[in-house]
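Worksheet: one structure, shown below.
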Amino acid sequence: MDSVPNTPPGQLRRMAAVWEQVLKKGGIGPEDSFFTLGGQSVMAGTLVRAAGERFGVRIPIRTLFEYSRLGEFTDHVVGLALPAALPAALPAAPTSDTVLPDVPLEMTAFQRRIWLAEQIDPSVRNHVPLAWSVAGRLDPDRLRVALGRLVAEHEILRTRFVDEDGGWSVRLREPWLPPLELLDLGEAPDDTSDDTSNDTSDDTPDGTTDTPAGVTEWLEAALRLPFDLESGQLLRAALGEFADGRQVLLLCVHHMVIDGESIPVLLAELDRYCATPDRPRPVVQYREFAAHQREQRDGASWHTDLAYWEAALDGASSDTPLPAPDRPEPNGAFRLPLPAQLLESLRAVQSEHGVSWFMVAATALAVSLHRSTALDDVTLGSPTANRNHPRFAELFGPSLNTAVLRSRVTADSTVLDVLLRMRGEALGALEHQAVEFDDVLNHVKPARRFGYTPYVNVTLNMNLLDDHAAVLDGARLTPLLIDELRSGYAKFGLTVTMVQLDGRLIGLVSHRGDQLGAEGARDLADRLTGLLARFPESLNEPVLPQH
């Protein structure tokens, strides 16, 4: 249906309030674009969900990319058929008190994949390290109480993954109190409070900054030490203090119970427990999400999504070859020297073509792969947060799925052609993400190699550390980005992580030394960095060399 012109001012104000809340900006006007305001794909899902709830309509995520200005988006939404139903509310689940420890619960496909990986190779560590500098003061006793309340109210943090006769079973255990280790960190480097503030033109070639040795040592030790999945205790915590009184908060959590989307929930809940430790409230439990995923299987929309992925991957190679070294090398990790004003330089491209900065990064990575491999068909993977239902917007627990982005070019293809292709691939992936990646693989049955994940052995991550800043018990927490930890847990041949923090994009690369040598990784990184730095000027460049 065409958009309705001259939307009443009251409707525009209602929509502006939604945008301002999601984008965390004030004074948004009708001509302001989602992209020039700093919007990106994850935020788009949150915005269309919130707008849909406010206006009583179902809004496809594609709508925001096609009508990216506030005024035209509002016109279109107001013009949608009002009877279009929102997802039906899920029935209330029983409280956690009604779930007995010996009653088996659901395990999601993501958890099964992680569990299986650790059974096959016990050296695999699926740990998530987290670190924040503290501006203000955290009281250790209050923090201990808050951690205990977090575990008591969120079942996922007291879930046991039990190996029974070669199979798995999920059970709950009683609430437990996570120990809080207190660290004496001695003298602090001057830049501890902002580990990512240095410009990439600093003396260090990759823009890294010094991290206090005690912080890195604690996190490295926490990463090396395996969690006992049967214990139901998959969280470690420490509070470090420097000689000048500054603090850092450190956590290490197993990926079976947390993902990036859960981190803002974790911090908000800790803050709530510090403020009102004796006021429990109902929370959505992870078992509700697991049950919801199971209920979606074999439905009409599930089969539609599966058919989408079957068509999208038809004829694609399951492996994007990387220049492997003659003999295995150590894993590696380094930072990309991206321009400090990269986000700002991409605004015009984003607005003109209706793309997010993630789509730009995916384009640059795909073009770099085309050029380095001379292949006309490559795939890369990207994690997605499968939280489309409003009930799970504040879920604590992993909701990750994996999407495949496929780039096909011809001799005449330009960078702009790949950008538009990646736009369509990313939107298609977001609209059809309900089918788990494991179900897609089981259906299309690609060729497999041990140690390689079909279609996604090159992976692009988006990490919004801006969303991981928070206020906890009156103190401001700012995420610390610690490069030294990345090489130790490289899961794929090549992983590129784009981090948004304080209005900047930071690029991080990790690679498995048995699949991609240091020289090959640096070559790919140079191609990627160079293309991103001049992206607006490169749109008409051919992707493949012209002969």
Side-chain angles (χ1 to χ4, degrees), residues 200-201 205-208 317 319-325 329 331-343 345-346 349 355 357-382 405-423 425-426 456-462 483 486-487 490 492-499 505-513 515-547:
T200 54
S201 61
D206 57 3
T208 59
S317 171
D319 186 18
T320 297
L322 297 170
E329 298 179 6
N331 293 348
F334 52 89
R335 194 176 294 201
L336 299 175
L338 297 178
Q341 301 303 316
L342 178 58
L343 264 181
S345 73
L346 298 176
V349 172
V355 296
W357 63 253
F358 173 82
M359 295 172 186
V360 172
T363 299
L365 180 55
V367 170
S368 299
L369 289 170
H370 284 303
R371 290 173 173 173
S372 66
T373 64
L375 294 174
D376 60 7
D377 191 351
V378 299
T379 62
L380 56 102
S382 180
L405 306 178
R406 184 179 183 184
S407 177
R408 286 176 282 185
V409 297
T410 66
D412 299 326
S413 295
T414 65
V415 173
L416 178 58
D417 292 329
V418 179
L419 177 64
L420 298 179
R421 170 87 188 190
M422 285 294 103
R423 179 185 187 273
E425 290 282 306
V456 300
N457 208 44
V458 175
T459 292
L460 176 63
N461 290 331
M462 179 171 62
D483 297 347
R486 295 190 170 269
S487 62
F492 303 100
L494 173 68
T495 301
V496 177
T497 301
M498 301 299 294
V499 178
L505 280 183
I506 301 163
L508 305 167
V509 171
S510 63
H511 62 97
R512 285 183 50 167
Q515 298 182 21
L516 178 62
E519 183 178 352
R522 286 287 180 182
D523 176 70
L524 268 168
D526 289 344
R527 292 176 187 269
L528 175 60
T529 301
L531 184 54
L532 284 172
R534 55 184 174 79
F535 195 85
E537 297 77 41
S538 70
L539 294 179
N540 293 322
E541 288 182 6
V543 175
L544 298 175
Q546 303 296 294
H547 298 291

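Only a predicted model underlies this, so the values are computations on that prediction, with no experimental measurement involved. Below, each value reflects all heavy atoms present in this structure, side chains not excepted, and no hydrogens, waters or symmetry copies.
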Item to check | Close side-chain approach of S317 to V378, heavy-atom, < 4.5 Å | outcome: no
Checklist entry - Between L322 and L524, is a side-chain contact (heavy atoms from CB on, under 4.5 Å) present by the stated rule, with each step listed? => result CA-CA 10 Å; L322 297 170; L524 268 168; 4.0 Å; yes
Checklist outcome for this item: For F492 and R512 the tightest heavy-atom approach is O-CG, 3.3 Å
Checklist entry - R408 and D376: salt bridge (charged side-chain N to carboxylate O under 4.0 Å, His left out), yes or no, with the steps? => result CA-CA 6 Å; R408 286 176 282 185; D376 60 7; over 6 Å; no
Next on the checklist: Give me each pair satisfying salt bridge (Lys or Arg N to Asp or Glu O under 4.0 Å) with a member in residues 526-542, each pair once, sequence neighbours excluded.
Outcome noted: R371-E541, D523-R527, R534-E541
Item to check | T495 OG1 to L460 CG distance, which is reported to the nearest 0.5 Å | outcome: 9.5 Å
Item to check | Nearest heavy-atom neighbours spanning T363 and V415 | outcome: CG2-O, 3.9 Å
Item to check | Main-chain N/O of G493 paired to H511 side chain as donor or acceptor, under 3.5 Å | outcome: no
Checklist entry - Between S538 and L531, which heavy-atom pair has the shortest distance, and what is it? => result OG-CD1, 3.4 Å
Checklist entry - If every non-hydrogen atom of T410 is compared with every non-hydrogen atom of L544, which pair is closest and at what distance? => result O-CD1, 4.1 Å
Checklist entry - Passes side-chain hydrogen bond (donor to acceptor under 3.5 Å, both in side chains), S407 versus H370? Steps please. => result CA-CA 9 Å; S407 177; H370 284 303; 2.8 Å; yes
Checklist entry - Atom CG in L336, atom CG in L532: separation rounded to 0.5 Å? => result 8.0 Å
Item to check | Nearest non-hydrogen partners of R423 and V355, listed with the distance | outcome: CD-CG1, 3.8 Å
Checklist outcome for this item: Separation between CG (N461) and CG (L508), nearest 0.5 Å, reads 10.0 Å
Checklist outcome for this item: Only residue of V509, N457, T320 satisfying side-chain contact (heavy atoms from CB on, under 4.5 Å) with L494 is V509
Checklist entry - What closest approach, in Å, do P325 and Q515 show between heavy atoms, and which atom pair accounts for it? => result CD-C, 4.1 Å
Next on the checklist: Out of the candidates R421, M359, M422, only one should pair with L405 under the side-chain contact (heavy atoms from CB on, under 4.5 Å) rule; please name it.
Outcome noted: M422
Next on the checklist: Between R335 and I506, does the side-chain contact (heavy atoms from CB on, under 4.5 Å) criterion hold? Intermediate values first, please.
Outcome noted: CA-CA 8 Å; R335 194 176 294 201; I506 301 163; 3.8 Å; yes
